[in-house]
J.: 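First the structure, which I've put down as structure tokens, then a few questions once you've had a look.
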Amino acid sequence: MNLLQNLYEKVKRSDKTRQINTSGSVPGAKLEKIRSGQSYLYQKNGMESEVFEISFRKNVSGSFLNQALTETMKRYPYLNTKLVELDGDFYIVRNDLSLTARKTKRLARLGHISCDYHLIDITYYGKSVYVSWHHALCDGKGIKPFVETLIWYYCKLRYRSTASAGGIRLATDPLLENETTEPNLRGYSFDETKEAASVSRDAYPIPKNVVEEHETDYRYEIRIPSSEFMKACRANHATPVILTSLFMSRGIAGLYPDFDKPINANIAVDIRDALDLPNTFKNCVRSIPLPFEKGNLSMPLAECAERQRALLKEQCSRDNLRRAANSSLELFEKLDSLPDYVSKQGMMDFFNGMLLNTYVISYLGQLVLNENARYVDTAGFYNSGAAGLGITMLSCGDKFCFHFKQSFESDKYVKAFLAELKQLAIPYSASGVIPFLTPKDSIMKRQGEKHERH
């Protein structure tokens, strides 16, 4: 029996090696190890899917959506892939099975046989399309162009739209320079004579910001007219993410007036330009803390916004971001030195207990829709599994769409944010609580699972 088992393991290893050495994210690629997304691959019970939800004004046609998906995938071959694990490392290889959009309310476990081991999955129900993706594959900036292309082709087929394709990548367009380049293969030069900008992450923890097992997450959706929100930004010398952070931090300060540490908004910052890789679809984000202290409460909003903008700019200098990228590279190289999955998972176990006080903001900018904005109601992105409070933001057509995603049900933080909007007479619409769950991946066989990885 041991002889048969050993033979089976040798054959399986040989097949993995063959796949790794003969395919990758695009034709001609091979030996494509995941580096930038490594931290998402060693979660004890798997990593929750990220979901990009697009809500149309009319029910979704599955036939037209699948035709649109076929055209879209011609432009994004690197998304028609799967993972192969070997000695604890993960490699991107070609997936010979095509993606299909399925009508269902149930989101697939990415990397599972139910979605043919893909790292993205497209489902639809009613008026909504859901694009699930694995954070090890790419970040929000990496999946956003795919979503924009999919919407463009869908509207062309479903509504016979003649909308402009400006800013949208079409099936006949070639890949951009360095679109599939891995950012963490080499170190980056920077001016070592400049002192690193440093802001403490020791911040005020809201009571619910704790790591604990929970079955359900909760989210609230807020929509604000773009014209009104941008008017408030201009009046207060703020960007959308700065104004959002001020509203939320002021709201939290009102809830906890005795806060004894800074209230940190941890901003997800795209660092592609700093690394001279503006087109890469791979993970390229740093979390930058933006502290709000008691002294900020006495400042006029515009003065406070200017201060926060300057603080964020200082931390986001080219030298600072390249220095930070090199620190991540050191972690990945240490990880590479370990011999197997178990030891690598052990090293990365600290991510399972990682907390960012006080809350997180992620802003993807504007969804490029052009004249097709008339067919789209809202869009946004979210995931479950994180501790505490997170805010995701997206500009969609004539509105800003916010998702407050939480590991707890209370609406106190949403109400505190809305109270700040009311003070500036900014109109909005807000949902009630939405319980939700984005499923954990199945990239590794875990206890209770019957399938084998391929």
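Numbers here are sequence positions counted from 1. Keep in mind the model is a prediction, meaning the values are calculated, not measured.
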J.: Sorted by first residue and then second, give each side-chain hydrogen bond (donor to acceptor under 3.5 Å, both in side chains) pair with at least one member in residues 270-284; sequence neighbours left out.
T.: E32-K282, H135-N283, D139-R272, D270-R272, D276-R318
J.: Does the side chain of N80 pick up a donor-acceptor pair with the side chain of N95 at under 3.5 Å?
T.: no
J.: For residues 355-378, pull every pair meeting ring-ring contact (aromatic ring centres under 6.0 Å, His included), keeping only residues two or more places apart or in separate chains.
T.: Y159-Y375
J.: Tell me whether the count of non-hydrogen atoms from other residues, nucleotides or ligands lying under 6.0 Å of CZ in R75 goes above 12.
T.: yes
J.: For Y125, look at atom OH and say whether over 12 heavy atoms of other residues, nucleotides or ligands are found less than 6.0 Å away.
T.: no
J.: Does a salt bridge link K440 with E48, judged by any charged N lying under 4.0 Å from a carboxylate O?
T.: yes
J.: Decide whether T438 and S384 meet the rule of one side-chain donor and one side-chain acceptor closer than 3.5 Å.
T.: yes
J.: Which donor-acceptor pairs under 3.5 Å do side chains of residues 385-403 form with protein atoms, sequence neighbours excluded?
T.:
unit_1 : atom_1 : unit_2 : atom_2 : d
T392   : OG1    : F381   : O      : 2.7
K399   : NZ     : D377   : O      : 2.9
H403   : ND1    : R219   : NH1    : 3.4

J.: Could you list the donor-acceptor pairs under 3.5 angstrom formed between side-chain atoms of residues 302-313 and any protein atom two or more places apart in sequence or on another chain?
T.:
unit_1 : atom_1 : unit_2 : atom_2 : d
E306   : OE2    : H237   : ND1    : 2.5
Q308   : NE2    : P291   : O      : 3.1
R309   : NH1    : H237   : O      : 3.1

J.: Evaluate whether atom NZ of K33 has more than 12 neighbouring non-hydrogen atoms of other residues, nucleotides or ligands under 6.0 angstrom away.
T.: yes
J.: Could you tell me whether F404 and F417 have their ring centroids closer than 6.0 angstrom?
T.: yes
J.: Any pair with a residue in residues 192-201 that passes side-chain hydrogen bond (donor to acceptor under 3.5 Å, both in side chains), sequence neighbours left out, goes on the list, sorted by first then second residue, please.
T.: D191-T193, K194-D319, R201-N266
J.: The test is side chain to side chain contact (heavy atoms under 4.5 Å, CB included); show your working for F146 and L79 and say whether it passes.
T.: CA-CA 9 Å; F146 168 85; L79 297 180; 3.5 Å; yes
J.: Could I get the full list of ring pair (Phe, Tyr, Trp, His ring centres under 6.0 Å) partners for Y256, not counting sequence neighbours?
T.: Y204
J.: Any side-chain donor paired with an acceptor under 3.5 Å for E85 and Y91?
T.: no
J.: Go through the side-chain N and O atoms of S328 and R286 and say whether any donor and acceptor fall under 3.5 Å apart.
T.: yes
